[in-house]
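For reference, the structure discussed in these notes is given below.
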Amino acid sequence: MNARVEKALNDQVQKECASSQLYLAMASWAETNGLNGSAIFFYSQSDEERVHMLKLIHFINERGGKAMIPSIDKPASEHESLENVFETLLEHEIGVTESINNLVDICLEEKDYTTHNFIQWYVSEQLEEEAQARTILDKIKLIGKDKGGMYLLDRDLENSQIKTRYNSTGSGK
Ligand code: FEO
């Protein structure tokens, strides 16, 4: 495997692992702050990021490279509000998207079309994740300090995960 591509893929392993840990910490924060639906949402996001990481690890190893399992800095355990949490999540995902785009550039420069093809799944995934974070953040801003609205949003976040799980069984994603 091309050494530059391998290094970029391993950097991405680190980012997906950090995403998983960050969302796990958010889930734990939500669970201890009465936001049980949000906690289910973040636990599920954390699981998804772990799957993103595992896909990369398998791909690197199957193509003759060597996947590196990274150490991760401790993510923040305290947050001001759910709005603040989703702002952090969106900012984080924008950074991940930049990293994926950089990976695409490297694949093209190194003429590694197989990895380029593999990474397109991540390009689509990032589009979806950023859009989802922006939609939820817009809703939180609309709700403001309305506790009833926050209760309903928390329930919606839980339901969205039930639907995702149902859909994922159908699509095999
Ligand atoms: Fe897998 Fe949301 O980065």
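When reading the values below, keep in mind they use all heavy atoms of this one structure, side chains included, and skip hydrogens, waters and symmetry mates. Index from 1, following the sequence.
- Connection of I106 to V123 is established within a shared hydrophobic cluster, with ILVMFWY side chains joined at heavy-atom distances below 4.5 Å, either directly or through further cluster members.
- In this structure a side-chain-to-backbone donor-acceptor pair under 3.5 Å is missing from E130 to L90.
- Checking each of K15, Q14, K7 against D11 for a side chain to side chain donor-acceptor pair (under 3.5 Å) leaves exactly one that passes, namely K7.
- Counting heavy atoms from C-beta on, the side chains of Q161 and Q45 come closer than 4.5 Å.
- How far CG of N33 is from OG of S38: 10.0 Å, rounded to the nearest 0.5 Å.
- Interatomic distance, CD1 of I119 versus CG of L9, reported as 5.5 Å (0.5 Å rounding).
- Checking side-chain atoms of S20 against main-chain N and O of S46 turns up a donor-acceptor pair under 3.5 Å.
- In this structure, CZ on R134 lies 11.0 Å from CG on L89, to the nearest 0.5 angstrom.
- With N10 contributing its side chain and A67 its backbone, the two residues share no donor-acceptor pair below 3.5 Å.
- A donor-acceptor pair is defined here as one N or O able to donate and one able to accept, closer than 3.5 Å; such a pair exists between the side chain of D154 and the backbone of G37.
- With a 6.0 Å radius and a threshold of 12 heavy atoms from other residues, nucleotides or ligands, R50 has its CZ atom at or below the threshold.
- A donor and an acceptor atom, one from each side chain of Q126 and T97, are located under 3.5 Å apart.
- Residues I94 and E98 form a side-chain contact, since some pair of their non-hydrogen atoms from C-beta on lies under 4.5 Å apart.
- Between S77 and W29 there is no side-chain heavy-atom pair separated by less than 4.5 Å.
- For the atom pair CZ (F41) and CD (Q132), the distance works out to 4.0 Å, reported to the nearest 0.5 Å.
- Across every non-hydrogen atom of A25 and A76, the tightest pair is CB-O, 3.6 Å.
- When the side chains of ILVMFWY residues are joined at heavy-atom separations under 4.5 Å, either directly or via intervening members, V51 and I57 end up in two distinct hydrophobic clusters.
- Closest non-hydrogen pair, F42 versus Y23, comes out as CB-O, 3.5 Å.
- Of the charged side-chain nitrogens involved, at least one lies within less than 4.0 Å of a carboxylate oxygen, so that K141 and E87 count as a salt-bridged pair.
- Side-chain N/O atoms of Y43 and E31 include a donor and acceptor closer than 3.5 Å.
- Two residues are said to be in side-chain contact when any heavy atoms from C-beta on lie closer than 4.5 Å; L157 and L35 fail this criterion.
- For the pair S19 and H52, the minimum side-chain heavy-atom distance is 4.5 Å or more.
- Within the 4.5 Å cutoff, the side chain of V96 has no heavy atoms near those of the Y122 side chain.
- Using a 4.5 Å heavy-atom threshold, the side chains of M1 and F59 count as touching.
- I40 and Y151 are assigned to two separate hydrophobic clusters, defined by single-linkage of ILVMFWY side chains at heavy-atom distances under 4.5 Å.
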Legend entry - E129 and E48: CA distance, side-chain angles, deciding distance, side chain to side chain contact (heavy atoms under 4.5 Å, CB included) verdict: CA-CA 11 Å; E129 288 190 349; E48 275 190 27; 3.8 Å; yes

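- Using modelled atom types, no side-chain atom of Q12 and backbone atom of A8 make a donor-acceptor pair closer than 3.5 Å.
- Criterion: ILVMFWY side-chain heavy atoms under 4.5 Å apart, direct or through other members. Under it, I60 and V104 are part of a common hydrophobic cluster.
- Panel note: side chain T88, backbone N84; a donor-acceptor pair is recorded below 3.5 Å.
- Hydrophobic clustering, with ILVMFWY side chains joined whenever heavy atoms are under 4.5 angstrom apart, keeps I140 apart from L152.
- Summarising the geometry of G149 relative to I143, their closest heavy-atom pair is O-CD1, 3.5 Å, with the distance given to 0.1 Å.
- If you take CG on L54 and SG on C17, they are separated by 9.5 Å, rounding to the nearest 0.5 Å.
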Inset, instruction - Mind running salt bridge (charged side-chain N to carboxylate O under 4.0 Å, His left out) on E109 and R4 for me, showing each step along the way? - result: CA-CA 10 Å; E109 282 165 21; R4 193 169 163 229; 2.8 Å; yes

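- Ring centers of F118 and Y113: at least 6.0 Å apart, outside the cut-off.
- Contact check for V13 versus M68: no side-chain heavy atoms found under the 4.5 Å cut-off.
- Here the straight-line distance linking atom CD of E125 with atom NZ of K55 works out to 8.5 Å at 0.5 Å rounding.
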